[in-house]
Amino acid sequence: MAPRYEPQEIEAKWQRVWEDEQAFHAPNPVPGAPTPENHWYQLEMLPYPSGPSLHVGHVLNYTMGDVQTHVRRRSGWHVVRPMGWDAFGLPAENAAIREGGHPREIVARNIELIRAQMKRLGWAIDWEREVSSDDPRFYRWTQWLFLKFWENDLAYRKEAPVNWCPKDQTVVANEYVVDGRCERCGTPVELRQMTQWFFRTTAYAQELLEYDLPEDGAWLERTKTIQRNWIGRSEGAEILFRVEEAGEDIAVFTTRADTLFGATFFVLAPEHPFVEAHASEEAKEYARHAGARPVEERAAETKKTGVFTGLHAVNPINGEKLPIWVADYVLMDYGTGAIMAVPAHDERDGEFAEEFVLPAKVVIDEDGKLVNSGGFDGLPAAEGAREIVAALEQERRGRATVSYRLRDWSFSRQRYWGCPIPVIYCERCGAVPVPEDELPVLLPEVEDYAPKGKAPLAGNEEWMRVDCPKCGGEAQREPDTMDTFVDSSWYFLRYIDSDNDEAPFDRFVVDYWLPVDQYIGGIDHATGHLLYSRFFVKAMNDWGMLGFREPFARVFHQGWVTLGGSKMSKTRGNLEGPDELVERYGADAVRLYILFMGPADQNMEWTPDGVEGIVRFLRRLWRVVHEVADAAPSPGSGEGALARKANETIARVTDDVLRRFQFHTPISAVMELVKELGGAVDAPDARFAAETAVSLIQPYAPHVAEELWGVLGYERLWEAPWPEADESQLVRETFELVVQVNGKVRDRFEADAELTEEELVALARESERVRSYLDGSEPRKTIVVPRKLVNFVI
RNA sequence: GCCGGGGUGGCGGAACUGGUCAGACGCGCCCGACUUAAAAUCGGGUGGCCCUCGGGCCAUGCGGGUUCGAGUCCCGCCCCCGGCACCA
């Protein structure tokens, strides 16, 4: 009789062993010493410790990473799999405000609790590399990196319209405004003119479109599409229009240079500097009002609005004088903020022309060829565009160019709980960097850190007052803090060298481990975190800090876990933690269940109902392995029906996890194996099958697998080599021959795998059932698929 | 509108390069064993319709096509999910 399966005891026992041994610590390579070539960096997006518990979505995410980790480790890879905390930022700060404590304390408490949960789930994490973004030893280097960006003109300060969240009382980056609302709290954002710090992400717009991946790297098409759309590259031309009244040129951007002869008027965005400089009073008045409104609001207007400026622009291709209007359907931050209007071939220009009774001129006919376009008539549109741009280029009035939709990343935040921006403002010297040896600028205590529309750090006057590092005169600190996405843009580099106090990281070790071999996290970060991290790495590569240009070789997005139909999230308050289930059924059952629920990349509704099936499977596995240990001889035989099934299971599980990144089907495969084994525990090959089943389930259920490994007489399964399928066992001596008549299966029977095509046909024709369908007639055609089927066509 | 991903039983889903009556594995449901009984456990059944119990027909969003053979390939629709969108 097998002892009872007591997951709580078993799990506590093995977790203690792994902890004592630091079983999942992966040492860094040392220069000059031999290093394992086969290395693997397994990374999952780090959690916000804004609440006291993980939710089941996290459990899915980290268990997937865990399965990868175990399989890779046991397959001979040197695997690093770190963990840390995205501790700074709004989520944690808002939680602290809600609960009425200091963010530092709330975050520290949450980290304790979540770390304990992670250990309780038995994840194979290298805890020696743990980092937290609110630790001065970490954010010192966040500040250092900021200074590098500034020094390299990739960070700058400017006054610009920015998204302001009235609830969170801070600026929000474009990337985290979703449908005009703050991604964090769902409040509609407002447009505010503010002086802010920006990262010049646009400098890398083109490179961010090109995935500079290692040979075997792969990003999902889905993710690349989202990023591509976000970056929004359009090829077109910049064309100069002369405004004689002002003695100036204005540039327009167009993707339709082929329609240049069709331009009948000209439009400036309200914010275009030319308006304030030269336009009529009426036009200026309109521009002041219109420019203050957010784009979504402008777009929602049913009628186009605008005012004539009193000025004219000369079309460089034909010398026509076009009236210049100012209208809010033209946006300052795309292209040049000015357009040539072609009402016949652009819907919006058409609407505007209709509203203000302006002429339209058709220049492309139904066949897509240029008409009314002087010497360019008859050219197909694409060619016409090229020719026209070429002609303008001769006159230095135009050139082919590319425009992007991507904007620079605004990253200064008017909140307390973040990394201080190490800048000092001096009346005489302007903005001055805090000298490197004075880093970190520690986040000071403030009396009141509640959001109030301006930076809470400004409230600490003693901290704010500082001597200018350049001239020694009176100066003030920058009171804004950094967006938490700055921290997460490089944390994966710090993991690799988290004890380094001389530099953010050492290039040698980072170049060894990175790019991250497998990154797992939510697709909601496709245009934010994932893009920012790529930007950071490209910049650091340009400065020679590291030797690669992409941070993540492979990216996988788990689906959301939904509850009541909507994504689990703190804002919705529909969180479900794993604790109750873990307590009841153990970590192994929860880990298996969450992965068994469905394909990991699809959304799934959380229901604990099916966990019973997994518990039944674990109990069966427990019982069957004990029975085998009692009944079947050791070492036993590696041949027979069970052994073959076991080998097939090895091949399936390995391929699914490593190549297909599919986690639910391996569980089915092992279930099948265990079921078959249960009916033949005293077979000579039962022991081999039992060992295989235990070994294959270890990445999913490491505790029970370890215990059963012991029952089978072995030790340290977490270090045991991953099983390899015996190829000779996969090749069957016989196979089930399917015989079809007209494509319909009429008979099936075992046949020797060595038979030739002729022999198979002969065999098939002997079948009684087939004969009755053939009805004595000769098949018109016979198709033979070796080792599969014979099909008679009559 | 443009770009990307999907549509298979009561449910989650499997079928990886066109080839084993499509539906693995699990949930749920039904039947049985054990039990005084229930739970637990174990065994069996479970796409639909028809049936003379041999089997037959229909089925992978809809309509066509290619092929000896299509969930898988091609063409045309419909629907769902995600991204972008007054972006010139």
Side-chain angles (χ1 to χ4, degrees), chain A residues 178 220-234 236 252-257 259 267 269 295-296 298-301 304 327-331 333-342 345-349 351-352 403-406 523-524 526-527 557 559 592-593 596-599 601-605 607 609-617 619-620 623 652 655-656 659-660 662 664-675 678-679 735-749 779-794:
Chain A
V178 180
L220 294 174
E221 209 43 56
R222 222 161 94 233
T223 321
K224 289 203 276 190
T225 303
I226 293 172
Q227 294 198 342
R228 216 178 288 126
N229 289 341
W230 184 258
I231 295 165
R233 177 193 158 102
S234 345
V252 303
F253 173 75
T254 179
T255 54
R256 296 294 308 276
T259 64
V267 189
V295 180
E296 288 84 10
R298 295 197 207 172
E301 292 287 322
K304 294 267 178 293
D328 70 357
Y329 79 95
V330 175
L331 310 174
D333 55 2
Y334 184 75
T336 63
I339 62 154
M340 60 178 211
V342 185
H345 303 290
D346 182 281
E347 211 179 311
R348 296 145 306 175
D349 297 346
E351 282 171 29
F352 192 84
S403 194
Y404 299 91
R405 191 196 154 277
L406 182 73
I523 196 165
D524 43 338
T527 58
H557 304 290
L592 272 168
Y593 179 57
F596 189 61
M597 275 178 43
D601 58 351
Q602 272 174 43
N603 298 349
M604 43 188 128
E605 172 71 10
T607 149
D609 295 346
V611 74
E612 299 285 349
I614 287 294
V615 174
R616 254 173 238 150
F617 161 68
R619 290 202 191 118
R620 169 185 281 156
R623 192 188 66 232
R652 269 175 74 185
D655 190 54
D656 281 354
R659 183 180 64 87
R660 299 178 70 200
Q662 189 165 288
H664 58 145
T665 42
I667 303 174
S668 309
V670 177
M671 281 174 170
E672 279 181 53
L673 175 60
V674 173
K675 205 179 204 177
F735 70 100
E736 195 177 14
L737 176 68
V738 172
V739 187
Q740 298 178 327
V741 178
N742 283 347
K744 289 205 191 283
V745 178
R746 293 308 180 190
D747 201 2
R748 52 178 65 216
F749 45 82
R780 191 160 54 85
K781 195 173 175 187
T782 303
I783 284 114
V784 184
V785 182
R787 291 172 171 274
K788 283 216 169 92
L789 56 80
V790 174
N791 185 12
F792 296 113
V793 185
I794 54 170

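Throughout, protein chains are lettered first and strands after them, A, B, ... in sequence-line order, and every chain is numbered starting at 1.
Remark: the separation of the C1' atoms in B/U72 and B/A22 is 11 Å, to the nearest Å. When the C1' atom is used for both B/A70 and B/C31, the distance is 37 Å, rounded to whole Å. Using atom P as the reference point in both B/G44 and B/C58, the two lie 32 Å apart (nearest Å). Look at the C1' atom in both B/C57 and B/C21: the space between them is 13 Å, to the nearest Å.
Among residues two or more places apart in sequence or in another chain, the ring pair (Phe, Tyr, Trp, His ring centres under 6.0 Å) test is passed with A/Phe596 by none.
Residue A/Arg228 places no side-chain N or O under 4.0 Å from the OP1 or OP2 atom of B/C84. The side chain of A/Arg616 contributes an N or O atom lying less than 4.0 Å from OP1 or OP2 of B/C27. For B/A24, the OP1/OP2 oxygens have no side-chain nitrogen or oxygen of A/Lys675 closer than 4.0 Å.
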Could you run through nucleotides 11-18 of chain B and give me one letter per nucleotide, 5' to 3': B if any protein heavy atom sits under 4.0 Å from the base, S if only the sugar-phosphate is that close, - if neither?
-SSSSB--
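With hydrogens and angles ignored, no donor-acceptor pair under 3.5 angstrom links the side chain of A/Asn229 to the base of B/C84.
Expressed to the nearest 0.5 Å, how far CE of A/Met340 lies from CG of A/Asp346 amounts to 9.0 Å.
With A/Asn791 as the partner, the side-chain contact (heavy atoms from CB on, under 4.5 Å) test is satisfied by one option alone out of A/Val739, A/Thr782, A/Ile783: A/Ile783.
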Strand RNA chain B in bracket notation, Watson-Crick/G-U under 3.5 Å with | for pairs to another chain:
(((((((..(((......[.....)))((((((.......))))))((((....))))..(((((..]....))))))))))))....
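The cationic atom of A/Lys304 (NZ for Lys, CZ for Arg) does not lie both less than 6.0 Å from the six-membered ring centre of A/Phe352 and within 45° of the ring axis.
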